[in-house]
Amino acid sequence: MAPGVLGLVFAARALRGFADGYVAVLLPAYLLALGHGELEVGLLSTVTLFGSAFATLAVGRWGYRYPGRRLLLAAAVVMAATGLGFATFTQLWPLLLVAFVGPLNPSGGDVSVFLPLEHTALAAAAQGEARTTMFARYSFTGSIAGAVGALAAAVPDWLVQNAAFGFTDALRVMFLAYAAIGATVWLLYLRLPVVRMEDVVAPAPLGPSRGIVVRLAALFCVDSFAGGLLINALLALWLFERFQMSLAAAGAFFFWTGLLGAFSQLAAPWVARHIGLVNTMVFTHIPASLCLIAAAFAPGLEWALGLLLVRSALSQMDVPARSAYVMSVVTPAERPAAASFTAVPR
């Protein structure tokens, strides 16, 4: 893969990470401002993730029939339409429909249909340890952009104080910005070269690697079921309701969690080189999970935030290791399907 193509993929990941960073913080505040309750926030977050899972499964089952560039362009169009839909609709049912169809991401990592498509493109660009490093840089790019995006969650407060916006209208501006980012991502993908099918390994549905992919997907299901109970949108809601945090303070907190997660992913290749990919996944998740459990019983805000920050420094280290491991245990033709089926549990 040419460096210019890698640059396009990384730039698109950064833009999507930035948008996801502020949406995860603003989504519960927006729904509450529209008059919906905590139950609706959880329901919409669940529907959003189910929609992403369905789209990702569809890519794994049928996406091999189409060029990856075309699928990425279609996903970017849906992203732009999602931002417009959230800026326009106020009733719950239209929002649920838009959330199911679109790639809106209420969690802290990339769980959208973009993930398997971009992973497939990256997997062909490097081998062995170099592949783990590339995935670490890819994840780092998304995480650091997401951290900066979390800071942008303070923009609505600024608009209310300095530009005479109503609070709900200020939040709508952020979803319009999400739509504009989707359009920009589409322009980036448009510059990707059209690859002739005879020049590449033809993608295929799962075959020889079906067994290992199914086992990995089951393992990731167990891990992600627990993680799904604490996606960033719901964590932000918990901070709003329990500690009365402001949007600006929550944005600053998620900036630091994203920053810690981003730099931990850069350390993942070094750790994996010394203890292996599987051990990297296991021995960083255990202390991260213990910190999360302890945060629920923290006596005050400072203790809760401290434990969550330590968790953030460890919990994302498995992401590049997991991506590199999946790509290394399947045949090149099965990579799009494998990336999709293992991404769905997330």
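Computed from a predicted model, the values in this text were never measured in an experiment. Position 1 is the first residue of the sequence, and the numbers go up from there.
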In Å and rounded to the nearest 0.5 Å, what is the [atom1] to [atom2] distance from [X] to [Y]?
X	Y	atom1	atom2	value
Glu241	Glu38	CD	CD	4.5 Å
Leu73	Tyr189	CG	OH	9.0 Å
Tyr30	Leu32	OH	CG	12.5 Å
Leu8	Leu72	CG	CG	11.0 Å
Ser246	Phe240	OG	CZ	8.0 Å

Mind checking whether [X] and [Y] have side chains closer than 4.5 Å, heavy atoms only?
X	Y	value
Phe114	Leu71	no
Tyr178	Met79	yes
Arg172	Leu34	yes
Leu31	Glu40	no
Pro156	Leu26	yes
Val155	Leu247	no
Phe253	Leu309	yes

Exam field: side chain [X] to backbone [Y], donor-acceptor pair closer than 3.5 Å:
X	Y	answer
Ser143	Phe140	no
Arg69	Leu190	yes
Gln161	Trp158	no
Asp169	Phe165	no

How far apart are the closest heavy atoms of [X] and [Y], and which atoms are they?
X	Y	answer
Phe167	Val160	CA-CG2, 3.7 Å
Leu15	Leu188	CD1-CD1, 3.7 Å
Thr48	Ala99	OG1-CB, 3.2 Å
Ala75	Pro103	O-CG, 4.5 Å
Cys291	Arg311	CB-CB, 4.0 Å
Ala153	Gly251	CB-CA, 4.3 Å

Do [X] and [Y] land in one hydrophobic cluster if side-chain heavy atoms of ILVMFWY residues count as linked below 4.5 Å?
X	Y	result
Val98	Leu176	no
Leu301	Leu307	no
Phe254	Leu314	no
Leu235	Val310	no
Leu192	Leu187	yes

Measure from NZ or CZ of Arg137 to the centre of the six-membered ring of Phe10, then state whether that distance is under 6.0 Å and the direction lies within 45° of the axis. no
Apply ring pair (Phe, Tyr, Trp, His ring centres under 6.0 Å) to Phe18 and list each qualifying residue two or more places apart in sequence or on a separate chain. Tyr22
Please identify each residue that fulfils ring pair (Phe, Tyr, Trp, His ring centres under 6.0 Å) with Trp238, with sequence neighbours left out. Phe243
Go through it in stages, so that I can follow the logic: the residues are Val41 and Leu27, the test is side-chain contact (heavy atoms from CB on, under 4.5 Å), and I'd like the CA-CA distance, side-chain angles, deciding distance and then a yes or no. CA-CA 8 Å; Val41 174; Leu27 183 61; 5.9 Å; no
Quiz: residues 80-96 side-chain donor-acceptor pairs under 3.5 angstrom, not counting sequence neighbours:
| from | atom 1 | to | atom 2 | distance (Å) |
| --- | --- | --- | --- | --- |
| Thr82 | OG1 | Val78 | O | 2.8 |
| Thr88 | OG1 | Leu84 | O | 2.7 |

